[in-house]
Structure formats: structure tokens, C-alpha cells
Amino acid sequence: MSSKNRKLGGGASAADGDVAQQGDGAAAKKRKLQLTGAAEEVESALKQAAVGAGDGKDQPQAVEPAEEKDMVEKKDKKDKKEKKDKKEKKEKKQKADGEVDPGAVSDTEYEACDLSACPEELIVRQSGHPKIDGQYKKWGKASRGRPCYFMEKEGKRSVYLFWYRNSKWQISYDLGSHKSLARVEDAKVDGRKLPPCEPHPAAWKVIRPDDKDKDKSKSYVVSAAMRVIDASAVDDSAEKILSNEPDAMPKHRKKGSAPREKPAAAP
């Protein structure tokens with residue numbers, strides 16, 4: 001082969017290489033553009049998703065007033081139940097551990113109280129409030145210089161009868177609390193520290209259990225029939241006899257009517 005032919009062959013090879021390089025560069029550029037476009041599409045989709053999420057957060061779905069009220073009531077009911085269960089659990093634990101101290105509710109010092117002179121148990125009847133009636137036992141310690149009593153029922157909250165610093169005897173779920181289910185004025189006798197057993201000069205005032213109006217403040221109603229009795233003075237056998245005693249007035253007589261005259265004896 002002549003030198004001229006070699007030169008032409010070499011030039012062709014170089015030209016082919018340049019063409020190949022140009023082809024590879026175009027393919028790479030095209031691939032790069034494709035990847036860039038895909039990345040932009042992904043980024044755009046993410047932005048749209050973020051905007052949509054933001055719109056949903058900033059603009060919550062409308063809730064009907066009735067539905068919103070039901071939701072609030074359910075939440076309040078749940079919160080109250082959890083609070084009540086927590087309190088009862090704590091109270092039971094304190095009783096089991098002997099941590100509840102009636103004297104601890106006193107905010108000032110009071111004279112000593114002779115608990116041996118006080119009734120061991122009290123019976124509350126005819127209060128008009130089913131959670132108050134029952135038998136109360138005397139606590140082993142005094143509260144504010146007076147005896148205090150408690151009633152326990154299975155599955156129910158404990159109820160306390162105690163003397164409050166406003167010269168009132170109270171019945172409440174919480175020992176020493178100003179909130180009460182029933183209350184009565186003290187006997188106003190100097191040195192008297194006995195519980196308000198009958199006969200007592202003042203009438204008890206009781207909160208009506210059927211008052212379910214939350215917007216209305218609960219009021220006390222005088223319960224003249226309510227009795228607080230020293231359990232040792234109750235004779236169950238006598239009361240049973242009295243409850244079975246026949247009526248003194250015959251059934252054929254009506255109130256206010258004149259008695260029937262006996263027929264005259266035959267001559």
C-alpha cells in the first residue's frame with residue numbers, strides 16, 4: 001500500500017471515531033435530559049402532595065354543631081370517669097395502707113375529743129337521697145376535735161359524716177370537704193362534741209338526687225323526715241313488731257265518720 005492510501009485510510013478511521021464520539025455524546029445528553037425530566041416530575045408531585053396536605057390541615061372539614069356537641073359531651077364524660085376511677089383507686093390504696101388520717105384535714109388545732117363517749121355506729125334513714133342512707137362506722141381518730149363516721153358499700157364510693165369548721169355537720173364523698181350531699185347546723189351547745197343524733201334541734205338539708213340540670217346550681221332542700229340514729233338505741237325486733245301492728249281504726253270506718261251503733265239487745 002502506498003503512503004497516500006495509508007493516509008486516506010487513517011483519515012477515514014479518525015473521522016469514524018469522531019462520529020462515534022459525537023453519537024455517544026448525543027445519547028448521554030439525551031439520557032441526562034430524560035433523568036432530569038423524571039426528577040422534575042417527581043419533585044413536582046411531592047410539592048403538590050405537600051400543598052394538598054397543608055390545605056387539609058389549614059382547612060379542616062366542617063363539623064355540624066350537634067355532632068361537635070356530642071363529641072364534647074363524650075370527651076367530658078370520659079374524662080370524668082377516668083378522674084373518678086383514679087380517685088377511687090387512690091382512696092382504696094390509702095385505706096389499705098392506713099394513710100387516710102381524719103385529723104389531717106384540720107387546719108387549726110382543736111381540743112381533744114373523747115371518742116369513747118361517742119356512738120360506735122350511726123344509722124341514717126329517710127334522707128330522700130339513696131346514697132346517704134345506711135349504716136356508718138366510727139373512725140378511730142377524731143376530725144377537727146369531733147368524731148367522724150364513714151359508710152362503705154361494695155362498688156360504691158365511700159361516704160363520710162363529719163363536723164365542718166362552719167359549725168355544721170356534713171355528709172360528703174370527701175372527708176373534710178366543703179362540698180356536701182347533706183348538712184345540718186350544730187347544736188350550739190358549748191363543749192358538746194357528739195354527732196347530731198336524734199333528737200337534734202335542727203333539720204337536715206339535702207341535695208335532691210334528681211337535680212340533673214348542670215347549668216343550674218344545686219340547692220338544698222329541708223328534709224324533715226331524715227333521721228340520724230345511734231345504732232345502739234335501735235331495737236330491730238320492736239320496730240318489726242310495730243311495722244306489723246294492725247291499724248287502730250277498722251277498715252269499715254272512714255276518717256271523720258261516726259262509729260256504728262251497736263244494735264239493741266232483744267228483750
Side-chain angles (χ1 to χ4, degrees), residues 72-107 113 115 118-166 168-186 195-198 200 203-223 225-231 234:
V72 171
E73 288 180 353
K74 286 181 180 179
K75 186 177 183 303
D76 290 343
K77 190 175 181 179
K78 183 179 178 182
D79 292 343
K80 286 180 180 179
K81 187 178 184 303
E82 290 178 352
K83 186 177 179 181
K84 180 183 176 182
D85 293 343
K86 186 177 180 181
K87 188 173 183 179
E88 288 179 357
K89 186 176 180 181
K90 182 179 178 182
E91 187 177 278
K92 287 181 180 179
K93 185 178 183 302
Q94 287 177 332
K95 286 182 180 179
D97 298 340
E99 295 178 1
V100 178
D101 183 3
V105 301
S106 302
D107 51 358
C113 175
L115 294 178
C118 303
E120 291 295 324
E121 294 184 356
L122 302 178
I123 298 176
V124 177
R125 293 178 177 172
Q126 302 172 3
S127 67
H129 198 303
K131 295 183 180 179
I132 292 177
D133 292 352
Q135 194 153 342
Y136 292 70
K137 296 180 180 180
K138 182 174 65 177
W139 204 288
K141 296 182 181 180
S143 172
R144 295 194 174 97
R146 305 289 194 284
C148 66
Y149 296 81
F150 67 97
M151 177 178 64
E152 290 182 318
K153 292 182 180 179
E154 187 176 354
K156 304 291 183 181
R157 294 181 64 181
S158 298
V159 184
Y160 301 90
L161 190 155
F162 56 91
W163 187 83
Y164 195 62
R165 58 174 175 262
N166 59 358
K168 287 184 175 67
W169 288 90
Q170 299 192 161
I171 296 178
S172 173
Y173 288 127
D174 301 312
L175 178 60
S177 173
H178 67 282
K179 296 180 179 180
S180 63
L181 300 171
R183 63 190 184 189
V184 68
E185 294 288 341
D186 202 345
C197 298
E198 61 179 26
H200 190 72
W204 281 86
K205 295 180 180 180
V206 183
I207 285 182
R208 297 292 89 185
D210 55 352
D211 187 1
K212 298 180 180 179
D213 189 354
K214 297 180 180 180
D215 297 331
K216 182 181 178 182
S217 59
K218 293 184 178 180
S219 58
Y220 291 87
V221 179
V222 175
S223 179
M226 180 172 170
R227 303 174 65 193
V228 178
I229 314 165
D230 181 351
V234 176

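One finds the CE atom of M151 at 10.5 Å from the NZ atom of K131 (value rounded to the nearest 0.5 Å). In this structure, OH in Y164 is found 15.0 Å from SG in C148, a value given to the nearest 0.5 Å. Atom CZ of R165 sits about 11.0 Å away from atom OG of S143, to the nearest 0.5 Å. Distance CD/Q135 to CZ/R125: 9.0 Å, rounded to 0.5 Å. To the nearest 0.5 Å, the span separating CD on E198 from CD1 on I229 amounts to 4.5 Å.
Between F150 and K137, some side-chain heavy-atom pair lies under the 4.5 Å cut-off. Residues V234 and I123 have side chains in contact (heavy-atom distance under 4.5 Å, counting atoms from C-beta outward). In this structure, the side chains of Y160 and S172 stay at 4.5 Å or more apart for every pair of heavy atoms. Between S180 and I171, every side-chain heavy-atom pair lies at or beyond the 4.5 Å cut-off. For the pair Q170/F162, a side-chain contact is recorded, criterion being any heavy-atom separation below 4.5 Å from C-beta on. By the 4.5 Å heavy-atom criterion applied to side chains, C118 and Y149 are counted as neighbours. Put simply, the side chain of L175 does not reach to within 4.5 Å of the side chain of S177, judged on heavy atoms. Under the 4.5 Å side-chain criterion, counting only non-hydrogen atoms from C-beta, M226 is in contact with I132.
Listed by chain and residue number, K138 satisfy the salt bridge (charged side-chain N to carboxylate O under 4.0 Å, His left out) test with E120 (two or more places apart in sequence, or in another chain). Residues passing the salt bridge (charged side-chain N to carboxylate O under 4.0 Å, His left out) test with K77, sequence neighbours excluded: none. Residues meeting the side chain to side chain donor-acceptor pair (under 3.5 Å) test with K205, sequence neighbours left out: none. The salt bridge (charged side-chain N to carboxylate O under 4.0 Å, His left out) test applied to K179 returns no partner, not counting sequence neighbours. Residues that satisfy the side chain to side chain donor-acceptor pair (under 3.5 Å) test with K81, not counting sequence neighbours, are D85. By the side chain to side chain donor-acceptor pair (under 3.5 Å) test, K75 pairs with D79, sequence neighbours left out. Considering only residues two or more places apart in sequence or on other chains, D76 meets the side chain to side chain contact (heavy atoms under 4.5 Å, CB included) condition with V72. Shown here are the side chain to side chain contact (heavy atoms under 4.5 Å, CB included) partners of A203, two or more places apart in sequence or in another chain: V222. Residues satisfying the side chain to side chain donor-acceptor pair (under 3.5 Å) criterion with W163, sequence neighbours excluded, are D186.
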### Query
Does the pair L115 and W139 meet the rule for a side chain to side chain contact (heavy atoms under 4.5 Å, CB included), with working shown?
CA-CA 9 Å; L115 294 178; W139 204 288; over 6 Å; no
### Message
Run K168 and V184 through side chain to side chain contact (heavy atoms under 4.5 Å, CB included) and show every step you take.
### Response
CA-CA 6 Å; K168 287 184 175 67; V184 68; over 6 Å; no
### Task
Just do the side chain to side chain contact (heavy atoms under 4.5 Å, CB included) check on L181 and I207 with the steps written out, would you?
CA-CA 6 Å; L181 300 171; I207 285 182; 5.6 Å; no
### Query
Step by step, would you call R146 with W169 a side chain to side chain contact (heavy atoms under 4.5 Å, CB included)?
CA-CA 10 Å; R146 305 289 194 284; W169 288 90; 3.8 Å; yes
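A pairwise comparison of heavy atoms in H129 and V206 identifies CB-CG1, 3.9 Å as the closest pair. Across all non-hydrogen atoms, the minimal contact from Q126 to S223 is O-OG, 3.6 Å.
Geometric assessment of R183 against the ring of Y220 yields a positive cation-pi assignment under the 6.0 Å and 45° thresholds.
Judged by distance alone, with hydrogens and angles left aside, the side-chain atoms of D230 form no donor-acceptor pair with the main-chain N or O of C197 at under 3.5 Å.
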